[in-house]
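Notes to accompany the following structure.
Numbering of ligands and ligand atoms starts at 1, following listing order. Basis for what follows: all heavy atoms, side chains included, without hydrogens, waters or symmetry-related copies. Please read these numbers as outputs of a predicted model, since none were measured by experiment.
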Amino acid sequence: VEQPMTTTEGPTTPTARSQRPGERRPPAPTRTIGAERYTSPEFLRREFEHVWSKVWQLACLGSDIPEVGDHHLYEIGRASILVVRSAPDTIQAFHNVCLHRGRKIKTSCGNSAELRCPYHSFTWALDGTLKEIPERETFNPLDDARLGLLPVRCETFHDWVFVCLDADAAPLSEHLGPVTDILEKYRFDRQYKWWSRTTSNNANWKNGMDAFQESYHARYLHPESVAFANNVDYPIWFYGDHSSYVIPFGIADEVAAAQITPNWDEALDAMEWSLDAFGEDTSMVAALRGLNPPEGTSIRDVAIPGIRPAMTGAGFDVSALSDDELIDDRHIVLFPNVVLNIFAFGYWLFRVRPHPDDPDWTTWDLWYFHRVPDAMELPPNAPNVEVPAGESVGAVMDQDLRNIPHQQAGMKTGVFPGFVMSDYEARIAHMHDVIDRYLGE
Ligand SMILES: [Fe+2]
């Protein structure tokens with residue numbers, strides 16, 4: 001599969017804008033992406049068989065299961081995986097299936113000293129070894145060694161716990177590859193989850209992923225963003241199965257600015273509204289109010305010189321971040337199902353999971369993180385909140401999650417001939433190329 005711009009070390013964010021950004025993106029894709037990839041139950045089945053059963057997936061955070069005996073239930077397709085803290089510094093994963101008659105052992109996250117199936121009380125130790133079979137003398141002789149819980153590969157990157165159903169897959173570090181170098185700069189070891197929601201929407205998981213790997217739509221679906229984010233000037237990088245772009249923040253959108261130039265206060269209003277839509281602190285925006293800089297001065301021109309001393313003074317070592325990285329949105333898609341918007345102050349993580357049978361249904365996990373000062377202990381994670389489909393998960397995410405089902409419905413009309421794509425959308429084609437590779441096509 002051709003990868004038109006495969007780099008491990010992308011250019012840094014340019015400070016001089018408007019340098020024909022299309023040249024820093026792969027060409028507009030020419031491949032075919034038809035509706036059946038999004039609407040066909042058979043295609044979904046093949047994805048489970050060849051993609052989801054083979055690829056490393058973020059199951060939970062180590063900090064979600066801080067105590068020995070804490071377990072997190074990660075379910076993907078038909079697979080049900082129990083991620084268990086079996087010792088203070090050990091996390092293991094098992095198929096959540098009782099080896100007696102096949103019942104799921106756990107049906108939710110929780111804590112228990114041992115893993116006991118409620119049906120007949122077959123019990124395993126936290127490390128998966130068989131502990132007890134009630135009334136064992138009524139069975140034929142049993143080999144305990146063959147009745148340990150079925151292990152699932154489990155590896156971590158800092159606090160992230162990944163699982164993989166394929167015994168032959170390359171290690172996690174190889175799967176993540178150079179992406180980890182980027183994450184290290186932002187100190188992913190020093191972030192805690194302060195907001196957590198799970199919701200769902202009526203669309204295929206890839207329509208969800210696609211919406212979060214192009215920013216072409218921002219001018220139209222998120223019109224407030226044009227005052228403070230340049231969704232024209234984003235370079236694209238491919239990192240193996242993954243991809244990235246950087247959205248310059250604190251500068252007006254070039255296409256929109258050609259028609260209307262927001263003034264200083266309007267730009268700050270828009271930035272404040274958007275940060276607030278993610279529950280973020282807007283004090284930085286407030287600090288910029290009333291400055292009335294000369295016309296043509298961007299928010300980034302004024303903000304960048306202040307961010308480094310402010311963060312350093314508050315106990316954050318940001319020496320690894322360039323000036324641009326102090327304000328820009330570093331966007332990464334971890335194949336297959338994690339979207340990251342990374343800032344100097346923290347990051348937003350969106351994870352999508354397809355429904356086991358229904359190509360029109362996606363579960364969304366939205367986890368937002370803040371970096372804490374280097375000398376401070378990490379606070380505990382916020383508990384997860386279930387939000388019914390269609391209810392609000394923040395005004396900007398609502399714009400996206402409520403839009404996508406209409407795309408799914410349009411695809412199902414039977415007349416849609418397939419995508420045409422701009423170079424803004426090159427990452428979508430890349431993801432489908434990767435899927436095809438897993439499918440053996
Ligand atoms: Fe969007």
- For the residue pair Phe335 and Tyr438, categorise the inter-ring angle as parallel (less than 30°), tilted (30 to 60°) or perpendicular (more than 60°). parallel
Does the cation-pi check pass for [X] over [Y], that is, NZ or CZ under 6.0 Å from the six-membered ring centre and within 45° of its axis?
{"X": "Arg219", "Y": "Tyr424", "answer": "yes"}
{"X": "Arg351", "Y": "Trp160", "answer": "no"}
{"X": "Arg330", "Y": "Phe343", "answer": "no"}

- Task: Check each of Trp348, Phe212, Phe350 against Trp364 using the ring-ring contact (aromatic ring centres under 6.0 Å, His included) test, and report the only one that passes.
- Result: Phe212
- Query: Looking just at side-chain N and O atoms, do Ser283 and Asp281 make a donor-acceptor pair shorter than 3.5 Å?
  - Reply: yes
- Message: Closer than 2.8 Å to the Fe ion (ligand 1), what protein N/O/S atoms do you find?
- Response: His217 NE2, His222 NE2, Asp400 OD1, Asp400 OD2
